[in-house]
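A note on names: the letters A, B, ... follow the listed sequences, proteins ahead of strands, and every chain is numbered from 1.
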2 protein chains.
Amino acid sequence: MNTPAQASHDDSYASEHDHKKCVSEALGTAEHLCVVRGVQLTPIRHQVLELIWENHKAVKAYELLDRLKPQMDAAKPATIYRALDFLIEQGLIHRVESLNAFVGCRCSAHQHEQLLLICNNCQEVEERSAPEVMQALSQEIKQADFIVHSKALEIHGICVKCAQTMAGEQH
Amino acid sequence: MNTPAQASHDDSYASEHDHKKCVSEALGTAEHLCVVRGVQLTPIRHQVLELIWENHKAVKAYELLDRLKPQMDAAKPATIYRALDFLIEQGLIHRVESLNAFVGCRCSAHQHEQLLLICNNCQEVEERSAPEVMQALSQEIKQADFIVHSKALEIHGICVKCAQTMAGEQH
DNA sequence: AGTTAAGTGTTATATTATAACATTCGTCTT
DNA sequence: AAGACGAATGTTATAATATAACACTTAACT
Ligand SMILES: [Zn+2]
Ligand SMILES: [Zn+2]
Ligand SMILES: [Zn+2]
Ligand SMILES: [Zn+2]
């Protein structure tokens with residue numbers, strides 16, 4: 001009937017925020033946008049989006065496949081990749097190029113290209129719209145006479161929570 | 001539909017600049033840096049670096065392998081990946097995350113993290129140090145309390161030469 | 001009914017990357 | 001000289017990521 005064990009375990013981010021709200025907002029926005037756009041958020045696509053939103057970590061396609069199989073025995077790589085293609089096209093998830101992985105997008109309704117801060121320790125991804133960076137980038141690209149199709153702006157490192165945890169453990 | 005209308009000769013960039021100079025500078029710098037650092041630019045590593053520098057396009061690992069085989073029949077995937085790992089560690093090449101490909105670095109001796117402008121038409125990659133972008137990025141990352149390990153800043157689109165070619169062909 | 005387009009099922013394969021262990025070779029030690 | 005070592009490479013196998021190709025279903029439209 002429901003899924004009680006969602007935000008209770010090792011999810012560090014979830015321990016500090018109301019992740020159910022993240023999920024319901026993301027799914028609600030996705031459903032709304034798909035209706036408005038006249039595209040189909042089919043059961044498979046919806047399930048994959050939910051799986052991606054289990055947490056804020058970047059997740060691999062084959063890990064999603066493993067997570068989907070219990071609910072859908074017929075799931076194959078194409079099942080996942082087709083759903084991912086759709087979700088990316090609709091701007092509902094980000095592909096994290098430097099990890100070959102995927103993460104839910106919190107800004108589906110607005111501009112989609114964001115700066116991604118990717119923690120090498122916990123795999124969580126923080127999106128930032130970083131307007132000053134984007135402004136400087138526009139200038140730079142204009143100077144280069146380059147016609148932009150898409151941007152991948154990915155920073156790897158240690159997020160603030162992991163940094164605190166590590167500091168507390170003092171090596 | 002329209003045909004892709006690629007640049008007819010393989011080396012559009014080279015037709016407009018002295019590419020031999022690019023190569024000799026890149027190899028010279030690499031040799032020098034490796035001596036200074038006390039690391040070995042072995043024959044295999046040197047050959048792979050030369051192959052990467054055949055042009056300014058992002059090149060795939062298995063394409064390099066194919067190019068290496070005539071010179072080195074024993075070449076296997078590990079041969080290439082080990083050489084690439086070394087060249088990346090030494091900052092002599094960039095890994096283009098969004099293409100799973102590699103390109104020579106023109107700034108080996110200086111800072112290595114650059115903005116990459118990647119042409120979807122000709123695959124050439126332009127590096128730009130983009131100081132204003134980097135400055136804004138530092139600010140943004142600082143605000144996020146994030147500890148940076150590495151950056152992947154990749155813009156896809158159409159380079160100025162391809163744009164001109166396309167415009168000349170009047171679509 | 002016939003046609004079409006989107007979505008999915010299914011099988012197979014292509015592409016990218018790493019693991020694991022053996023061998024070679026130069027250098028340092030004894 | 002013999003042995004030990006570490007770096008690089010040789011070699012085999014496999015893991016991980018992604019796409020191609022074609023069949024089938026469904027719903028909408030003609
Ligand atoms: Zn959340
Ligand atoms: Zn973290
Ligand atoms: Zn050149
Ligand atoms: Zn181009």
Practice task
Answer with yes or no whether Y62(A) presents, from its side chain, a donor or acceptor under 3.5 Å of a partner atom in the base of dA18(D).
Solution key: yes
Problem - Side-chain N,O (N100(B)) to OP1/OP2 (dT15(C)) below 4.0 Å - result: no
Practice task
Give the rounded distance in Å between these two atoms: CD1 of I88(A) and P of dT17(D).
Solution key: 15 Å
Problem - Any T79(A) side-chain heavy atom under 4.5 Å of M72(A) side chain - result: yes
Practice task
Give the rounded distance in Å between these two atoms: OH of Y81(B) and P of dT16(C).
Solution key: 7 Å
Practice task
To the nearest Å, give me how far apart CZ (F102(A)) and P (dA16(D)) are.
Solution key: 16 Å
Problem - hydrophobic_cluster_shared for L41(B) and L68(B), side chain cutoff 4.5 Å - result: yes
Please tabulate the protein-to-nucleotide N/O contacts below 3.5 Å involving nucleotides 7-11 of chain C, giving atom names and distances.
| unit_1 | atom_1 | unit_2 | atom_2 | d |
| --- | --- | --- | --- | --- |
| dG7(C) | OP1 | R45(A) | NH1 | 3.1 |
| dG7(C) | O5' | R45(A) | NH2 | 3.4 |
| dT8(C) | OP1 | T42(A) | OG1 | 2.7 |
| dG9(C) | N7 | R82(A) | NH1 | 2.9 |
| dG9(C) | O6 | R82(A) | NH2 | 2.6 |

Handout entry: Pair listing, ring-ring contact (aromatic ring centres under 6.0 Å, His included) test, anchored in residues 124-167 of chain B, at least two apart
Key = none
Practice task
Would you tell me if any nitrogen or oxygen in the side chain of K60(B) comes within less than 4.0 Å of OP1 or OP2 on dT16(C)?
Solution key: yes
Practice task
Please report, rounded to the nearest Å, how far the P atom of dT9(D) is from the CD atom of Q71(B).
Solution key: 15 Å
Exercise for the section: Take the protein atom CG of D85(A) and the nucleotide atom P of dA20(D), then report the distance between them rounded to whole Å. Expected result: 10 Å
Practice task
Decide whether E127(A) and H94(A) meet the rule of one side-chain donor and one side-chain acceptor closer than 3.5 Å.
Solution key: yes
Problem - For the student: nearest non-hydrogen atoms of A58(A) and V96(A), plus distance - result: CB-CG2, 4.3 Å
Exercise for the section: Begin from the C-alpha positions of C122(B) and C159(B) and carry the test side chain to side chain contact (heavy atoms under 4.5 Å, CB included) through to its verdict. Expected result: CA-CA 8 Å; C122(B) 69; C159(B) 74; 3.8 Å; yes
